[in-house]
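Data first, discussion second: the structure below is written as structure tokens.
No experiment lies behind these values; they were computed from the predicted model shown.
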Amino acid sequence: DGHAPAVIFNPAKTSFPDTILSRTSWAVAYWPDFHPQKVLVIGSGGGIDLQVADYWGAKQIIGIEVNQGLIELLKSRYDNFTGGIFHKPNIKLINSEGRHWLKSTKEKYDLIQLAGVDTWSEISSGAYTLVESYLYTVESFKDYYQHLTPEGRVCISRYLMIPPRESLRLCVLAIKALKELGIKYPANHILAISHCGIFSIIIQKNPISSQQIVKLKKWIETQDWHI
């Protein structure tokens, strides 16, 4: 529909691959002092979130994608284009609906990432409504949080709309979910970052420390992000 392209990235044919893999909205959860080893990407699409995780040194990367055809394309027609990254032993693509698959596992992850897992036209037309909206509920946010390691975090990215709509909804969902989990001060676990028209909310298992905020603010000055 043209509103949410599945980005298939070829680092070898890009003059600045490090910038794309470290300074774009796909990498917003990766701070200087955070190098997740186990990463779960829900709605992996063209796979760039998986490539970012691999770039940052993740040892186990799982991509959950509801579109079996897209997975087959990445492993066949576009295999050479991506440098065969989706055949690497630390990357696994699974054809499933994200939250359904998450409920089937007891594994904990350092990072659970959802980057724009739907499109404007799908929302307006009703296509995939049950699949997509199932990912953005209080219950789903609780599922994500409960599948984190002690130092883990959830990162959810959506279009930054003016006036704010999606961003406000994400914050409300996160606060309500954390309150229902018995967390007294949800705001201490939540950080909002915007970059190039994308809004990302980061929910950290442990409270975000003042030291983390100081480091992050200094780092963000070099990234063209806004906190």
Side-chain angles (χ1 to χ4, degrees), residues 1-11 21 24-27 29-30 36-123 125-137 139-149 152-159 198 200:
D1 55 25
H3 288 314
V7 178
I8 302 176
F9 179 56
N10 182 347
L21 295 172
T24 57
S25 56
W26 294 294
Y30 298 83
Q37 296 301 294
K38 291 181 66 176
V39 176
L40 174 66
V41 176
I42 294 177
S44 53
I48 192 167
D49 305 272
L50 310 180
Q51 291 171 293
V52 169
D54 184 65
Y55 174 85
W56 284 83
K59 302 300 182 185
Q60 181 181 346
I61 307 166
I62 295 178
I64 308 298
E65 174 54 48
V66 73
N67 188 337
Q68 176 64 32
L70 184 53
I71 293 176
E72 293 173 357
L73 283 172
L74 290 173
K75 289 187 172 182
S76 56
R77 180 176 179 178
Y78 293 103
D79 186 47
N80 289 333
F81 182 81
T82 60
I85 189 170
F86 301 112
H87 289 287
K88 292 186 67 172
N90 64 324
I91 295 179
K92 184 177 182 180
L93 287 169
I94 298 174
N95 176 221
S96 184
E97 188 279 320
R99 190 175 165 208
H100 173 77
W101 186 88
L102 192 63
K103 280 185 169 292
S104 72
T105 181
K106 295 182 179 179
E107 289 288 319
K108 306 285 187 180
Y109 298 92
D110 301 316
L111 174 62
I112 297 176
Q113 187 163 11
L114 297 86
V117 193
D118 53 32
T119 73
W120 283 337
S121 62
E122 283 171 356
I123 292 171
S125 69
Y128 292 113
T129 298
L130 293 179
V131 173
E132 307 300 357
S133 63
Y134 192 51
L135 298 172
Y136 304 109
T137 65
E139 290 74 20
S140 64
F141 276 49
K142 289 160 68 174
D143 285 341
Y144 305 147
Y145 185 86
Q146 291 171 326
H147 278 82
L148 293 176
T149 59
R153 63 184 58 161
V154 181
C155 180
I156 303 175
S157 300
R158 304 278 293 174
Y159 290 114
I198 301 295
S200 299

- What class does the angle between the rings of Tyr144 and Phe141 fall in, given that below 30° is parallel, 30 to 60° is tilted and above 60° is perpendicular? tilted
So Tyr30 and Trp56, would you call those rings parallel, tilted or perpendicular, with 30° and 60° as cut-offs? parallel
How many angstroms lie between atom [atom1] of [X] and atom [atom2] of [Y], to the nearest 0.5 angstrom?
{"X": "Arg153", "Y": "Leu148", "atom1": "CZ", "atom2": "CG", "result": "10.0 Å"}
{"X": "Ile61", "Y": "Lys88", "atom1": "CD1", "atom2": "NZ", "result": "7.5 Å"}
{"X": "Leu70", "Y": "Leu74", "atom1": "CG", "atom2": "CG", "result": "5.0 Å"}
{"X": "Leu40", "Y": "Asp49", "atom1": "CG", "atom2": "CG", "result": "11.0 Å"}
{"X": "His147", "Y": "Lys142", "atom1": "NE2", "atom2": "NZ", "result": "13.5 Å"}
{"X": "Glu65", "Y": "Ser96", "atom1": "CD", "atom2": "OG", "result": "10.5 Å"}

Closer than 3.5 angstrom, by distance alone: can the side chain of [X] be matched with the main-chain N or O of [Y] as a donor-acceptor pair?
{"X": "Asn95", "Y": "Ile64", "value": "no"}
{"X": "His87", "Y": "Lys75", "value": "yes"}
{"X": "Gln60", "Y": "Ile62", "value": "no"}
{"X": "Asn10", "Y": "Phe81", "value": "yes"}
{"X": "Thr105", "Y": "Leu102", "value": "no"}
{"X": "Lys108", "Y": "Gln146", "value": "yes"}
{"X": "Gln113", "Y": "Val41", "value": "no"}

Review point. Ile156 versus Tyr136: any side-chain heavy-atom pair under 4.5 Å?
Key: yes
- request: Decide yes or no for Ile85 and Leu50: does some side-chain heavy atom of the first lie under 4.5 Å from some side-chain heavy atom of the second?
  value: no
Work out which heavy atom in [X] is nearest to a heavy atom in [Y]; give both atom names and the distance.
{"X": "Gly98", "Y": "Ile42", "answer": "CA-CG2, 3.6 Å"}
{"X": "Leu93", "Y": "Ser44", "answer": "CD2-OG, 3.8 Å"}
{"X": "Lys103", "Y": "Tyr134", "answer": "CE-OH, 4.2 Å"}
{"X": "Gly47", "Y": "Phe86", "answer": "CA-CZ, 3.7 Å"}
{"X": "Leu135", "Y": "Ser140", "answer": "O-OG, 2.9 Å"}

Open item on the list: When you compare the side chains of Thr149 and Asp110, does any donor N or O come within less than 3.5 Å of an acceptor on the partner?
Closed with: yes
- prompt: Do Ile198 and Tyr159 pass the side-chain contact (heavy atoms from CB on, under 4.5 Å) test, and can you show the C-alpha distance, the side-chain angles, and the key distance before you say yes or no?
  reply: CA-CA 5 Å; Ile198 301 295; Tyr159 290 114; 4.2 Å; yes
